2 protein chains.
Amino acid sequence: MSSGPLDIDDANGAALQRIVDAEPVLVDVAPAGETIPELRDMVLLHAGPPIGWKEMCEPMRAAIVGAMRYEGWAANDAEAETLAGSGEVKLLPNHDFRAVGPMAGVTTRSMPVFVVENRAFGNRAFCTINEGVGQVLRFGANDRRVVQRLHWLADTLAPALREAVKRAGGVELRPLMARALTMGDEMHQRNTAASSLFLREIGPPLARATTPGANLGDVMDFLAGNDQFFLNLAMAAGKATMDPVAGIPGSTVVSAMSRNGRDFGIRVSGTGDRWFSAPAPMPQGLYFPGYTAQDANPDLGDSAILETMGLGAFAMGGAPAVAGFVGAGTFRDALNYTREMAEITLGSNPNFAMPTLDFSGVPCGIDIRRVVESGVCPIINTGIAHKRAGVGQVGAGIARAPIDCFVRAIEGFAEKFLA
Amino acid sequence: MSSGPLDIDDANGAALQRIVDAEPVLVDVAPAGETIPELRDMVLLHAGPPIGWKEMCEPMRAAIVGAMRYEGWAANDAEAETLAGSGEVKLLPNHDFRAVGPMAGVTTRSMPVFVVENRAFGNRAFCTINEGVGQVLRFGANDRRVVQRLHWLADTLAPALREAVKRAGGVELRPLMARALTMGDEMHQRNTAASSLFLREIGPPLARATTPGANLGDVMDFLAGNDQFFLNLAMAAGKATMDPVAGIPGSTVVSAMSRNGRDFGIRVSGTGDRWFSAPAPMPQGLYFPGYTAQDANPDLGDSAILETMGLGAFAMGGAPAVAGFVGAGTFRDALNYTREMAEITLGSNPNFAMPTLDFSGVPCGIDIRRVVESGVCPIINTGIAHKRAGVGQVGAGIARAPIDCFVRAIEGFAEKFLA
């Protein structure tokens, strides 16, 4: 309960300012267990709001099974499923541990994570390293090659990056992301520019880093070979940006949006850690050859943190090339999505300017009141996972956050502040 | 004279098709003297149509003096000026030797050049390596540091790049440039994306290349530190693209546009190597702090080969961020420049698609008839050199090709084909 008259506008102004003021900096690449002390053996983080093993979608279960084999907690899939189903392995949301993960979003102690510090507020956030596209753990693939790649990330790539980041004295992500936005990235389904710019930043210190056992050519190949490499860095920057927005009394600004493959959940600044959830929508999009909408899993992943900060679909007007990729239409449609999102946000972020909109900033600060009043729901650019275990990514598209999340959030907000 | 009735449309159709079909590939980085046998001692290439020492602008003379010190042909500036003025050093246009060079465009035998092969037609073209921005030879700076950098390019960078290009089996430039265009580059005054993408391509083989004496960290720093690094590669690709367009009987398509700081010259396919020149225009643009239009040299450099192939200012609608940099106005203005250039070109190149124009191709195939009929002259995005020796770049802007070049070209064409 607030003491004194509640000024929602003041609270929201503070929330918006915190989004704008954020200064995310990549400061380390470290094993998750080193940076998140709660990540012990048999503790596993997943995307979205809390959910039990039995309620999880197949790709999330498959990712969990793969991660358990990777950690050596189970020798095979059957053993892993029994352990997970029995409750011996604790399954907890990334968001409760300052972490985010794309799609299934599975994070375990031995997985390396990007450590991103918000220098304006001192908080840190974490995200695993992007594995590449196609047959990858986050989309529910979990065969031997997927697990082998996870070991390579931990044993070769991460130590090399760690040393390079240290030599670079950290990598400032805000200017890099701002630049990528002027190069057609919205940093959710398109990270071509940001991944390239990151390689430009990290390439020289990487070349100078003498990490024993690391094959610089292989490391450079991996970084150069994945247009979506930067996605996970953008997500960590998003989490580092949005965590200080949480917990401002009286603020109706959305501080997180996330999906676990069954539920779409949002958190609101004023109501803190409480999730307001509704069934996850089906993405509308374009499918890789051989797949159709019948194969799609409901919307999944913590990556909607990007839309929460004003990137992704919110910045589509600045990223016309992504519109075709996610099946969102023409350049005009892309501009209209950005304009539509301006209707449900409190302002814009001048640090993230779009040349195609004459350098106006991306719309940010989603206000649950505006969403419910207008009926316009946040739009999210998303990857699409196959609904069956082991297949992987089958397409990309757009999803609308369910209106019920926002209606429930208004109710929850009213209970807390206006009762 | 043509035999039989002259079909200008057929000839122009063939010219346009050659622009579209071009497949420029970086195949080597070699000393200019190795790839251009005519480049012996005391032979020096410059930008633009032919011009004598006494008529040259100061920045071009300064670049020539610096190059002569670099080659060891003169111990100091006075000696170099005497040699150049006496005619003992032959001064010839790059364009006559399948080469191009930005701004002063000076090329001498020891300078390394990019070797770009047009795989569709088998011809090769050459361009020196971009030195960086500011105090550089091409803008007429020539002090000790400038000459030292030229030695580093030849002794350290070029051998490392040569080995990496060899390991990579060549670098295909058309897809890379197409991609950069979807990332807001027009590849004349903005090469941020293309330079980043090139580093992504060459980074892994560079990391594996064991070039004796090369410091990989320094090489990576140099490549990563210059947003305009790709300009010279784009120019070599432009020359490799446009050379096969030259010499088609009856074609009124422009095959080259270039400036030597005094004259703006064009070549037309049907009339071969003949230049049609007029006084070089003054660029209209934005100046670096401390400089004004009073400091500017008239338009300079072979880089207008990019506009000749449909990039640069012709593609400005696809590169909204460059419009502000060159003082060309808003995004709408940028779109209008591209639309205006469509009025004087014969078609568009589907291989270079602009997302902001719903993936329509860049306008290309400048028809001298359309220019003269409409009075719309090609627009060029350009760097601006200080008119005095030794200063360097003072700004960036846009320049209009003089209508007189096109009027004279029409006359020359009529003399040859319609007399």
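Lettering follows sequence order; numbering is per chain, from 1. Quick caveat: nothing in here was measured; it's all calculated off a predicted structure.
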S.K.: Please output the side-chain donor-acceptor pairs of residues 311-331 of chain B that fall under 3.5 Å, not counting sequence neighbours, one pair per line with the distance.
M.R.:
unit_1, atom_1, unit_2, atom_2, d
T330(B), OG1, R332(B), N, 3.3
T330(B), OG1, D333(B), N, 3.3
T330(B), OG1, D333(B), OD2, 3.1

S.K.: Under 4.5 Å, heavy atom to heavy atom: which of residues 167-181 of chain A reach chain B? Give them by number, or say none.
M.R.: R179(A)
S.K.: May I ask you to name which of L335(A), L197(A), D218(A), T192(A) has the most heavy-atom pairs under 4.5 Å with chain B?
M.R.: T192(A)
S.K.: Nearest 0.5 angstrom please: R200(B) CZ to N226(A) CG, how far?
M.R.: 8.0 Å
S.K.: Which bit of F222(A) is near chain B, if near means a heavy-atom gap under 4.5 Å: side chain, backbone, both or neither?
M.R.: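 No part of it gets close to chain B.
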S.K.: Can you tell me which of A209(B), A224(B), P205(B) forms the most heavy-atom pairs within a distance under 4.5 Å of chain A?
M.R.: A224(B)
S.K.: Where on D185(B) is there a heavy atom nearer than 4.5 Å to chain A: the side chain, the backbone, both, or neither?
M.R.: neither
S.K.: So which residue, L357(A), L206(A), D358(A), ends up with the most heavy-atom pairs under 4.5 Å with chain B?
M.R.: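 Maximum pair count with chain B is reached by D358(A).
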S.K.: Can you see which heavy atom on A207(B) is nearest to which on M220(A), and at what distance?
M.R.: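 For A207(B) and M220(A), the tightest heavy-atom pair comes out as CB-CG, 4.0 Å.
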S.K.: Spell out the residues in residues 347-355 of chain A that have some non-hydrogen atom less than 4.5 Å away from a non-hydrogen atom of chain B, in order of number; otherwise answer 'none'.
M.R.: P355(A)
S.K.: Which residue in the set D221(B), V219(B), L216(B) passes side-chain contact (heavy atoms from CB on, under 4.5 Å) when paired with P204(A)?
M.R.: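 One option only clears the test, and that one is D221(B).
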S.K.: Considering residues at least two apart in sequence or located in another chain, which fulfil the salt bridge (charged side-chain N to carboxylate O under 4.0 Å, His left out) criterion with E117(A)?
M.R.: R124(A)
